[in-house]
Amino acid sequence: MTIENREEFLNKLASRLGRERRTEGVERPQWSVTPQEEVFKGMNQDELAEVLEKHCQVIHTTFKRTDRAGLTKVLQETIEGYEGKLIVTSNDPRHQEFGVAEFFEEAREQLDVHVWDPAAGKENQRIAEQADVGLVYSDITLAESGTVTLFNNKNNGRSISLLPKTFIAVIPKSTLVPRMTQAAQQIHRAQAQGEDCASYVSFISGPSNSADIEMNLIVGVHGPIKATYILVD
Amino acid sequence: MSIKLGEVPYKDRVQTGIEDDFMRQAVSSAQGRFRNGRLTQAAELGNWEDWRELGSEIRTHTLQNLDYYLQQLSDNVARRGGHVFFAETAEEANQYVKNIIKKKQAKKVVKAKSMVTEEIGLNKALEEVGAEVVESDLGEWILQLDEDPPSHIVTPALHKNRQQIRETFAKKKGYTGSDTPEEMAAFAREQLRQDFLAADVGVTGCNFAIAESGAVTLVTNEGNAEMVTSLPDTVISVMGMERIVPTWEEMEVLVGLLTRAAVGQKLTSYITAITGARLEGEIDGPEEFHLVVVDNGRSKILGTEFQSALHCIRCAACINACPVYRHIGGHAYNSIYPGPIGAVITPLLEGYDDHKELPYASTLCAACTEACPVKIPLHEHLIRHRQIIVEQEKKAPTAEKLMMKGFAKWSSSPGIYNLSAKMAKPALGPWTKDGMIENGPGPLKDWTDARDFYAPQGQSFRAWFKQRQKDGETS
Ligand code: SF4
């Protein structure tokens, strides 16, 4: 891997800043204020769930809430509502944990489910592009902004939540945090301990949209046109 | 394209802007909506001033240690399988990207909206080596089809109405549908989807690079940057050298400030952080990743009294707050960076010669400074520019020099010069006497006109500007 022209470039910056090059020992200062820590401080998971539900209206996202026993039924209804025939989803142990694997098995007459498979190469993208529904599990859920955080990897391609017409995120209640601050802290702490971040970290808040034509909000541009979050207690 | 949009003189651009009724209305209503969005978000947080303070501290620290963080960033990108190129000039940056395109024999390049690639004129460079370049942000795509420059850094096609857009689609892409925004967007989705799938190379800008990981963060609502970085096998991100934060924690704060200040959203629909090349077994994302770090005049600003202009996170809040922008529109600034921030950085990046009018495209009302989420003292920079133009560059017309003499005396007293945003309005008192303004705000027909003129209070800007012209013509 190459790094070109660096020394000259950075030496010049240092000289413009009127000092020697700094190559080590720079620490972030203590910021004089930390308002990001205060948002929804001390709220429990149920209170955060309410915040999330409310914000879903703002981001044009359908919010549903159920428990583990009710999940497959809600999932089925949602997929039907989206006229879903072809589903693409991650290769995720949570399919077992939440009984979704079983549901896929039972529904195999009606649903064509493609589970992301690294061995299938670009075929995964082609299927995702044709799919009616992309289904994923949220890794960290940000209540304030209605955001699903995904650490994409070889079993959980970025395309799943991007290329299909609609998007369903299953949100385990335990993944709820107040806001992006907590997600950033988690990634930062891991990085500081030498654990590299995912090659793709996606923060997704509802369906894609644009206001580029006369400032009219259009929901559904390049990414999914509709989105549903299913919060599982 | 480069920073400068064209050769049409400033006063004619202003006139064109003022005469474009649709544009003026669109700009004014967009400004209102963006501003309301920002104010609502600020009010909801309750402690917006603390957030701005934090934003300002983060940017100050990062710029003070820019060499350190860029080194860390580039080490991490390389460690994660990416290539990094430091480009001092636009030409160097373009040449590097051109070489990749040639090596890859790329036919089609898809791009996500990026101001810095506009600034360096990358599209033209890529076309020179035979690549088809497709802009994928809806607004940018419209402008590309119509060969028109952007007029706003967040909604670039703000000056176009739906009939014009429909016509463009019909003429350039054979569109036969109606002019409803939904139908036109669906058409764009369909067309661009094919481009995403067929592209050999994806090009993005960079909202914030994260030094500790080597990640590039992209902020969009449409999901186009995600397409551009997920599907092609080669991805090139181009960043202005100042668009960097130390860690994820600062990225988070600045992204929140950006989305709130730009569009009044808590977060946009997509915030994506991409790090290096895809890992083994991964299908999405690039097999080859390049990061191009661009100086192109920025280092001239570092270490000067204008350094804080590099704190800008390109949210356009200052543009949306500016009464002069409202009346003249984006194209009048003759720079890809319009509004107050454009008036501050364009002369810094390209020199005063072509842009000496810009610092005068302001009423110095300080609305920009108040709006800025990272507390850049924009109107103070504008005052300083004027001072430099008059005092040092000697490029201002004679009459202006006379007027500025009084101003220089006033502004050289540090007590008055270091105005806080709130103080600015009353402190501008010395500029007016008996409702007359001695130094005209912004786009006057003729700067050589030494006569005092009436303050715009109680008069529409248009009437006021017209009056100015008449006076100019008769004198
Ligand atoms: S100067 Fe401030 S308000 Fe203007 S675009 Fe930059 S960050 Fe936003």
Side-chain angles (χ1 to χ4, degrees), chain A residues 1-6 9-10 12-14 16-18 21-23 26 28-29 31-33 35-36 118 121-122 124-125 129 144-145 147 153-154 157-159 162 180-181 184-185 187-188 191 197 199-216 218 221-223, chain B residues 30 33 47 50-51 53-54 57 61 65-68 70-71 74 78 81-86 138-139 155 157 161-162 165 181-182 184-185 189 212-213 221-224 226-227 230 246-249 252-253 266-267 269-276 278-279 281-285 299 302-303:
Chain A
M1 303 311 115
T2 54
I3 301 179
E4 292 175 64
N5 295 348
R6 181 166 78 175
F9 192 101
L10 298 187
K12 182 171 167 194
L13 299 192
R16 297 291 319 182
L17 288 163
R21 266 282 287 285
R22 285 184 184 154
T23 53
V26 173
R28 293 177 294 163
W31 313 118
S32 75
V33 279
Q36 74 276 36
K122 294 280 181 197
N124 287 291
Q125 285 177 350
E129 211 278 315
E144 180 192 41
S145 51
T147 305
N153 57 37
K154 65 178 180 183
R158 182 69 186 84
S159 296
L162 186 64
M180 202 179 186
T181 307
Q185 283 168 348
I187 304 168
H188 166 66
Q191 187 73 63
C197 65
S199 55
Y200 247 99
V201 180
S202 311
F203 300 93
I204 305 172
S205 311
S208 68
N209 63 80
S210 173
D212 274 352
I213 301 178
E214 289 190 5
M215 292 289 290
N216 280 294
I218 306 157
V221 188
H222 297 307
Chain B
R33 283 169 59 184
N47 49 355
D50 284 355
W51 284 89
E53 175 57 29
L54 179 58
E57 287 179 17
H61 166 76
N65 295 285
L66 190 58
D67 52 338
Y68 173 80
L70 282 172
Q71 171 163 328
S74 50
H83 304 272
V84 186
F85 182 80
F86 285 89
L138 181 54
T155 47
N161 66 33
R162 59 177 81 188
I165 296 169
E182 287 73 18
M184 292 195 286
R189 174 189 169 98
E212 70 169 335
S213 290
N221 268 316
E222 296 179 6
N224 57 319
E226 288 57 38
M227 298 281 181
S230 296
T247 79
W248 290 80
E249 295 180 337
E252 180 274 311
V253 172
K266 295 202 164 62
L267 290 181
S269 291
Y270 297 98
I271 315 282
T272 296
I274 161 174
T275 306
R278 68 182 180 231
L279 301 173
E282 291 180 345
I283 312 298
D284 296 330
S299 58
L302 213 56

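Every chain is numbered from 1, with letters handed out A, B, ... down the list of sequences. No experiment lies behind these values; they were computed from the predicted model shown.
For the atom pair OG1 (A/Thr147) and CG (B/Leu267), the distance works out to 4.5 Å, reported to the nearest 0.5 Å. Going from atom CG of B/Leu66 over to atom CG of A/Leu13 covers 5.0 Å, rounded to the nearest 0.5 Å. Taking CE of B/Met227 as the reference point, atom CZ of A/Arg158 lies at 8.5 Å (rounded to 0.5 Å). Expressed to the nearest 0.5 Å, how far CG of B/Leu54 lies from OG of A/Ser32 amounts to 7.5 Å. Atom-to-atom distance recorded for A/Leu17:CG and B/Ser299:OG is 10.0 Å, nearest 0.5 angstrom. Atom NE2 of residue A/His222 and atom CD of residue B/Glu226 lie 10.5 Å apart, to the nearest 0.5 angstrom.
In this structure B/Tyr270 satisfies the ring pair (Phe, Tyr, Trp, His ring centres under 6.0 Å) test with no other residue, sequence neighbours excluded. Judged as a ring pair (Phe, Tyr, Trp, His ring centres under 6.0 Å), and not counting sequence neighbours, the contacts of B/His83 are B/His290.
Listed options B/Pro181, B/Gly223, B/Gly276 were ranked by heavy-atom pairs under 4.5 angstrom with chain A; first place goes to B/Pro181. The candidate from A/Lys154, A/Arg6, A/Glu144 with the greatest count of non-hydrogen atom pairs under 4.5 Å with chain B is A/Arg6. By number of non-hydrogen pairs under 4.5 angstrom with chain B, the leading residue of A/Pro29, A/Ala211, A/Pro207, A/Gly18 is A/Pro29. The choice from B/Asn161, B/Asn47, B/Leu279 that makes the most heavy-atom pairs within less than 4.5 Å of chain A is B/Asn161. Heavy-atom pairs under 4.5 Å with chain B peak, among A/Val26, A/Ile213, A/Ile204, at A/Val26. Chosen from B/Ile274, B/Asp50, B/Asp67, the residue pairing most often with chain A at heavy-atom distances under 4.5 Å is B/Asp67. Looking only at heavy-atom pairs under 4.5 Å with chain A, the residue among B/Ser269, B/Gly82, B/Gly303 that has the most is B/Ser269. In terms of heavy-atom pairs under 4.5 angstrom with chain B, the leader among A/Gly157, A/Ser205, A/Gly121 is A/Ser205. Counting heavy-atom pairs closer than 4.5 Å to chain A, the top-ranked of the candidates B/Arg162, B/Glu53, B/Glu182 is B/Arg162. Of the listed residues A/Asn209, A/Ile218, A/Asn5, the one with more heavy-atom pairs under 4.5 angstrom with chain B than any other is A/Asn209. When B/Ser230, B/Ala78, B/Ala185 are compared by the number of non-hydrogen pairs under 4.5 Å with chain A, B/Ser230 comes out ahead.
B/Ser74 and A/Ile3 get closest at one heavy-atom pair: O-CD1, 3.6 Å. For A/Pro118 against B/Gly281, the heavy-atom pair with the smallest separation is CB-O, 3.5 Å.
Between the side chains of B/Thr247 and A/Gln191, not a single donor N or O lies within less than 3.5 Å of an accepting N or O. No side-chain donor-acceptor contact under 3.5 Å links A/Ser208 and B/Glu222. No side-chain donor-acceptor contact under 3.5 Å links B/Gln71 and A/Arg22.
Within the 4.5 angstrom heavy-atom criterion, only side-chain atoms of B/Ile165, from C-beta onward, approach chain A. Contacts of A/Thr23 with chain B are made by both backbone and side-chain atoms, with heavy-atom separations under 4.5 Å. For B/Pro246, the part lying under 4.5 angstrom from a heavy atom of chain A is the side chain only. With a 4.5 angstrom heavy-atom cutoff, A/Asn153 touches chain B via backbone and side-chain atoms both. Only the side chain of A/Lys12 comes within less than 4.5 Å of a heavy atom of chain B; its backbone N, CA, C and O stay farther away. If you measure heavy-atom distances from A/Tyr200 to chain B, the contacts under 4.5 Å come from both the backbone and the side chain.
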Original post:
Hey, mind stepping through A/Ser199 and B/Glu282 against side-chain hydrogen bond (donor to acceptor under 3.5 Å, both in side chains) and telling me if it holds?
Top reply: CA-CA 9 Å; A/Ser199 55; B/Glu282 291 180 345; 2.6 Å; yes
**OP:** Start with the C-alpha distance between B/Phe85 and A/Thr2, add both sets of side-chain angles, then the distance that settles side-chain contact (heavy atoms from CB on, under 4.5 Å), and finish with yes or no.
**Re:** CA-CA 8 Å; B/Phe85 182 80; A/Thr2 54; over 6 Å; no
**OP:** Under the side-chain contact (heavy atoms from CB on, under 4.5 Å) rule, what do A/Val33 and B/Trp51 come out as? Steps first, then yes or no, please.
**Re:** CA-CA 8 Å; A/Val33 279; B/Trp51 284 89; over 6 Å; no
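A donor-acceptor pair is defined here as one N or O able to donate and one able to accept, closer than 3.5 Å; such a pair exists between the side chain of B/Arg189 and the backbone of A/Gly223. Looking at B/Tyr68, its side chain never comes within 3.5 Å of a backbone N or O of A/Arg21 through a donor-acceptor pair. Using modelled atom types, one side-chain atom of B/Asp284 and one backbone atom of A/Ser159 make a donor-acceptor pair closer than 3.5 Å.
Using a 4.5 Å heavy-atom cutoff, the side chains of A/Gln185 and B/Glu252 are not in contact. B/Thr272 has its side chain out of reach of A/Val201: every pair of non-hydrogen atoms, C-beta onward, lies at least 4.5 Å apart. Taking the side chain as every heavy atom from C-beta outward, A/Met1 and B/Val84 never approach each other to under 4.5 Å.
A perpendicular orientation is assigned to the rings of A/Trp31 and B/His61, their planes being inclined by more than 60° (bins at 30° and 60°).
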